[in-house]
Each structure stands twice: as C-alpha cells, then as structure tokens.
Amino acid sequence: MTKMDFSNINKATTQSYNEQKNMIKRVFKGQSVLCSNCNQTLLLKLPVPKQPASVSGIYCKKGCTDIELDMEQIN
C-alpha cells in the first residue's frame with residue numbers, strides 16, 4: 001500500500017488561509033484593500049441592529065470576493 005503525499009495541498013491551503021486572514025485584518029483596520037479579481041475596493045458590511053437576519057462580511061461590488069463573517073451586534 002502506498003502512502004499519499006498531501007504536503008503540497010496542505011501547503012497551498014495554509015497559504016490561502018493566511019492570505020485571507022491577513023486581508024480581513026487589513027479591511028478591519030480601515031485600510032483600502034482591492035479585490036484580487038476585479039481590482040475594486042473591498043467593502044465591509046457590519047451587522048444591522050434589530051435585524052438578526054442581516055448578513056455581515058467583506059465583498060466587492062461585482063461579487064468576485066464574498067466572505068461571510070459570523071458577527072453579531074454588540075450594544
């Protein structure tokens with residue numbers, strides 16, 4: 001039985017995760033971050049008070065980047 005080598009997949013996944021995490025940090029700091037596909041500025045949508053179904057996240061106007069964040073309004 002041969003062993004499968006997942007090291008390349010694991011490396012790519014880790015790199016992608018870290019890039020996305022750093023991008024989210026930059027957006028939360030208020031820095032201008034561009035979508036990697038369409039080069040439009042990414043927008044941050046925060047939860048709306050008294051609307052529990054509102055979706056919060058980071059996205060571009062074209063929809064290339066659409067990251068849903070699990071957040072809740074703090075009063």
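Any value given below was found using the heavy atoms of this structure, including those in side chains, with hydrogens, waters and symmetry copies removed. These figures come from a predicted structure and were not determined experimentally.
- Rounding to the nearest 0.5 Å places OG of Ser56 at 7.5 Å from CG of Asp70.
- Neither Val33 nor Tyr59 shares a network with the other; the hydrophobic side chains, linked directly or stepwise wherever heavy atoms of I, L, V, M, F, W or Y lie under 4.5 Å apart, form separate groups for each.
- Put simply, CD on Gln20 and NZ on Lys25 are 13.0 Å apart, with the number rounded to the nearest 0.5 Å.
- By the 4.5 Å heavy-atom criterion applied to side chains, Lys29 and Arg26 are not counted as neighbours.
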| message | The test is side-chain contact (heavy atoms from CB on, under 4.5 Å); show your working for Ile58 and Leu43 and say whether it passes. | response | CA-CA 6 Å; Ile58 298 173; Leu43 306 168; over 6 Å; no
| message | Applying side-chain contact (heavy atoms from CB on, under 4.5 Å) to Thr13 and Phe6, what does each step give before you reach the verdict? | response | CA-CA 11 Å; Thr13 302; Phe6 289 101; over 6 Å; no
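- Contact detail for Asp66 and Gly63: the closest heavy-atom pair is CB-O, 4.3 Å.
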| task | Could you please spell out the steps behind the side-chain contact (heavy atoms from CB on, under 4.5 Å) verdict for Leu42 and Met23? | result | CA-CA 10 Å; Leu42 295 178; Met23 183 265 303; 3.4 Å; yes
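- For the atom pair CD of Glu19 and OG of Ser36, the computed distance is 9.0 Å after rounding to the nearest 0.5 Å.
- The closest donor-acceptor contact from the side chain of Thr14 to the backbone of Asn10 lies under 3.5 Å.
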| Should Thr41 and Leu34 be marked as a side-chain contact (heavy atoms from CB on, under 4.5 Å) after you check the CA-CA gap, both sets of side-chain angles, and the distance that decides it? | CA-CA 4 Å; Thr41 303; Leu34 302 178; 3.8 Å; yes
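- For the pair Thr65 (side chain) and Cys35 (backbone), a donor-acceptor distance under 3.5 Å is absent.
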